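Working notes, structure below.
Numbered from 1 within each chain, the chains take letters A, B, ... in sequence-line order. Predicted, not measured: the structure shown is a model, and the values here were computed from it.
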Amino acid sequence: MADTSSLESQAEMPTIYEPQQWEEKLYQWWESMGFFRPEQQIESGLADPDAPPFVISMPPPNVTGVLHLGHAITSAVEDMLIRHHRMAGRPTLWLPGTDHAGIATQNVVERKLAESGATRHDLGRARFVQEVWDWKDEYHGQISGQQRRMGISCDWTRERFTLDDGLSDAVLEAFIRLYNDDLIYRGNYLVNWCPRCESAISDLEVEHEPVDGKLYTFRYPLRDPSGASSANHVEVSTTRPETILGDTAVAVHPEDERYAHLIGGTALVPILEREIPIIADEHVDPQFGTGALKVTPGHDPNDYQIAQRHNLPYINITNVDGTLNEAAGPYAGLDRFAAREKLWQDMAAAGLVVTDKPHVHEVGHCQRCHTIVEPLLSTQWFVKTKPLAEAATAAVRDGRVKIVPERFERNYYHWMDNIRDWCISRQLWWGHRIPIWYGPDGHQFAARSESDALEQAIEIYGETVELEQDEDVLDTWFSSALWPFSTLGWPQFENGEATGDAASHASDLARFYPTTVLETGYDIIFFWVARMIMMGLYFTGEAPFKYVYLHGLVRAEDGRKMSKSLGNALDPLDLIGEYGNDALRFTLLTGSTPGNDMKLTVSRIEANRNFANKIWNAARFVLMNLEADEVALDKESGPNSITYALPPVAAQNLADRWILSRLNAVQTHVTQLIENWQLGEAGRQLYEFLWSEYCDWYIEAAKPRLYGGQPEEANATRQVLAYTLEQSLRLLHPFMPYVTEAIWSHLPGVAQHAESLMTQRWPTAVGQRDTQAEDSFGRIQDIVRAIRNARAEYNVEPGRRIAAVFAGSGHTLVHENLALFTSLARLDAQQVAIESSANGSDAGPSVQLNAGGLTTYLPLAGMVDLAAEQKRLQKELDNVDNQINRATGLLSNVNFVGKAPQQVVQRERDKLEELESQRKQVAASLEQLTA
RNA sequence: GGGCGGUUAGCUCAGCUGGUUAGAGCGAUUCCCUUACAAGGAAUAGGCCGGCGGUUCGAGUCCGUCACCGCCCACCA
C-alpha cells in the first residue's frame, strides 16, 4: 500500500476531533496520490473505464478575487457530487480554473494605481496589461490555495485560465467563426455606458434600482407660425433635464385631441433655441405626465426607437466620462449632474420651469462600480443572439438539458424569448482583444493574428497596407461561454486527432464532452449558463452539459445579501478554520433545497461540528472494542470494497438485525435522494441515522453484549459495530470528507488493505430490510423511553437500578432481550419479573406503563403518587379513545374503504387493532389503580 | 407592468410525486461529569403548517384567491 505513515502516526484518537490536525495533511495526500484524476481512478480499478464519465466544469472564480460563501456552497455541492460518483465507479473529471474577469480585475488594478495617483493612461496599454498580469500571478496562488482549503477534489493537472493560450485560441476561433457566419457585427447603436469604467456594458450588467429623483415639468417653447403669442409652449416632463440639450423632437399621441393642433409644428430647445419638430407617435402615453414627450434619441432607448420611426437625427451630448460635449453648448464640460442643475436654474430664470416634484424611479447602475449608467450612442460589437437562442431554447424544451429545480426553466425560456443582441465589446485593456484589423478604408479583417490579417489584406488591396487592430476587448463572459469545451481542448482537438507533441490530455474533448452537470447559483443563469448552452450548441453541436443544478444564494443571518460594506459577511475560510471544513460544507449542503436561498447561521455550523465530533467519538468507542487481529474482513468484495465481515445471521441479536436493516434502508434512501438531487435530505438522513440510531441506540445496546456477553456474542457485536461504521463512513464521505477519511484511516484491517476511503466503492444495499427486527426493536425503544420518562417524572436517581414487572402477550420480547432492557432502562436484573398474564403486579402501588404492546409495572415503593398516576392514565385513555374514534370513523366510511388504496386501508385496520388492545391495557391499569 | 419564491415550534429550516397523532438543529425547562463523546447523555414543554374558498374518502402537500416578505425580468418620460 501507499505511504500513509504520516496518517497512521495518529494511532491514538484524542477525545475531540480537531479538523486543523487533519485537513491540510489529508488534502495534500489525496492530491499527491492522484485520486482527483480520472486516469488514476481507472488504473486503480475504482472506475470502470467503460462507464460514462461524470464531468463537472467548475465555475471559474475571478482570479484576483477572494473566495466567499458563494464559492463555498459551489465547492461543497460539486465536491459532494464528484466524490459520490467517483465512489460509484464512474471516471470523474472535475475541471478547475480561474476567470480573468475583465472589468472586475481591471478595476481592482486601476484602484491600486490610483493610490499612487496614476491612471492606466499614464502607463499605456502594454505596461498596464503587464501590471494586471503581475497582479494575476500574485493572486492566482492565493485563490487556488483557498480552493484547496475548501477541500475540492478537482483535477489540478487540468487547471485552466480564461486568458491562457489554449482558451485565448478558442476565443479567437469562436469570434472568427461567428463573424464569418454573420453572427457578429459591428454598429453604432445606443448602448449602456458606464462613465466611470468608460466602457460599454451589456444589458445584463445593468442593475436597476429605485432612486429618489425628481420629475421636472417645464414649458417647451413653440415657434408659432401665426405669430400669436398666447399659447406659445407645451408642458413636458422629464427625469433628466440635461437631456433636453439633445432633444430632436417633441412627441404627442396621434389621437390626443389636446395636442392635435401642434402636430407638424416646431418647438425650440430651451436655451439652445434649436428648432425641432412636433411629431405624433403611438408610444406616447397621454395619461402620463402632461401627455407630451421630449424625444432624446441619443440618450434614451425609447426615444431612439421613436427616432428610427420618424427619421429624426440623433444627437450625442455626452463624453465618455459623463461630462457634456460641445453639442451641449454652454454646458459643455460640465458633469451630467452638474449640467442638470445648471440648466434647470437657467430655465427657471427664463421662466420655463413649472414644477419639480420628488419622483422615485428605476435607474440603471453599473454592476461593477455602481455608477449610474448613461445610454449612449456608440460603435460596438454585437452577437446576433436570436438564432443561437432558438437552438438553446429547444435544447431545454426537448430535455437535452434539464434544469434543477425545474421552475427555472421558465425563467430561462422567458429570457431566451426576449433576448436582445449581446454587446460584446468593452473599452478596456484587460481581456481578449477583438481579432479584427482595419484597412485604410475601414475594411474589416477577422484574423487569428496580425500576419494573417495582412495576408488577407494583400488579397483585397493587392499590396501591403497598414492595418490597425480594433482597440476593444471582449466581454469577459464571451470566454466564459466557451468554458465547458475550450477547457477540454477545443478547437485544437475538435476533430479528435491528437498529433505530435500534443498535450497528454489531447483526447479530453472526445472523452469528457459534453459534461454532465453544470452547478452554479441561480443568479448567473443568464450571464453564464444560457450563453454556454448557446455557444456549446453552436460550436460543438451538443449541449455542453446534461444537467444544470442551481443552488440558492447564501445570505447573512439578517436575510440580506452578505457584503463587506454591510459588515455582515462571513468569511468561509475563517469558518473552516474555526469549525472545520466538514462542518461548514455539511451546513451548506443540508441548509436549503435547490434554488432556495439560505440564511447561514453559525449555530448550525456549530451543530454540524458537533456532529463530526460525535462520529469521531463513536468511532473511538468502536475502535476501543476492536482488537485488530480479531476483526474478520470480507475480502470477497474486491479491492475497493473490502469491509468487515458480518457475523452469521444466527449469531446476530435483535439489535444487530435492527441496525443492519436500518443501514440497508439508509443506503437505499441516500442513494435515491442523491440521484433525485435531494442532497440536503440525503445528508440529513445520514445525520439522523448516525446520531439517533447508531450512536443513541445501537452503541448503547451493544454495551451489555460487549461487556457481559459470551465471547462469541461480543465478537458478533464487534463485527456489526465495525461493519456499520465502515459502511456509514462511505455514505457520509461525500458530505464530510475529512472526518470520515480521518476515522477510516484508523480502522484496523480495512485501512491496511486499501489506500483511502475516498477511493472505496459506494455501498449498495446488502440483503433485505428486516421489518420484523425493526418492529421489535421499535417496541423496545418505546418501552425503554416510557420507563426513562417515568424515572424522570418520579425523580429516580439516574444511577439507581429499579425493579420492573413486564406483563402481556408480548412479554417474550422482554424475555429474549432482557439484558438490553436492564441496561437501557437501568433495571435491577434481580428484580425483573415477566408475567404472561395482563395482571402482573401484586407488588403494591406501581407506575403502570402501556408501551410497546405490553404493560410495564414499576413498583416505585413509597414514591408512587396514586392521584397523579390516575390522572396520567386517564389522559392516556382519552388519547387512545380519540384515536380509536378517528380510526373507526375512517374505516366505517364506505368512501374511504372503497376508494383509498388497499394498503392504506389495511394499515388503518392494523392500527385500530393495536389501539384497541392498547385501550384494554390502559383501562385495566386504571381499574387496578383505582381498586 | 410581468414572472418566481417564501410564509410550518421562540429562532433557522426539512417535510420528494396527497395517506399514521407534522420533524430536525438551536434556544427553553428538569436531571446527570454513567469508563465513546459535557462539542455529551436522559426526559419535558412548545405548532389551527399566513387568511379564506375549492378538489378529494383524506390536504402542510393539489387548485383558486387575498395578505405580507423577498427576488428576477421590464423602454413609461
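Within the nucleic acid shown, A/K911 comes within 4.0 Å of at least one base atom, counting heavy atoms only. Using a 4.0 Å heavy-atom distance criterion, A/P375 is classed as making no nucleic acid contact. Residue A/R410 is in sugar-phosphate contact alone, with no base atom involved, counting any heavy-atom pair closer than 4.0 Å across all strands shown.
In the set B/U21, B/G19, B/A77, B/U21 carries the atom at the smallest distance from any side-chain atom of A/Q883.
Interface residues of residues 820-828 of chain A facing RNA chain B, ordered by number: none; criterion, heavy-atom separation under 4.0 Å.
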Would you give a per-nucleotide map of nucleotides 36-46 of chain B, 5' to 3', where B means the base has a protein non-hydrogen atom under 4.0 Å away, S means only the sugar-phosphate does, and - means neither? BB-BSSSSS--
For nucleotides 67-72 of chain B, give me one character per nucleotide, 5' to 3': B if any protein heavy atom sits under 4.0 Å from the base, S if the only such contacts are to the sugar-phosphate, - if neither. ------
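Checked for salt-bridge contact, A/R258 and A/E235 miss the test: no charged N lies under 4.0 Å from a carboxylate O.
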Please write out each protein N/O paired with an N/O of nucleotides 15-17 of chain B under 3.5 Å, distance rounded to 0.1 Å.
none

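Remark: RNA chain B takes part in the stems B:1-7 with B:67-73, B:10-13 with B:23-26, B:28-32 with B:40-44, B:50-54 with B:62-66, each of 3 or more antiparallel Watson-Crick or G-U pairs, criterion distances under 3.5 Å.
Residues in residues 281-304 of chain A take part in these ring-ring contact (aromatic ring centres under 6.0 Å, His included) pairs, two or more places apart or across chains: A/Y304-A/Y314.
Spacing between atom CG of A/L589 and atom C1' of B/C13 amounts to 15 Å, rounded to whole angstrom units.
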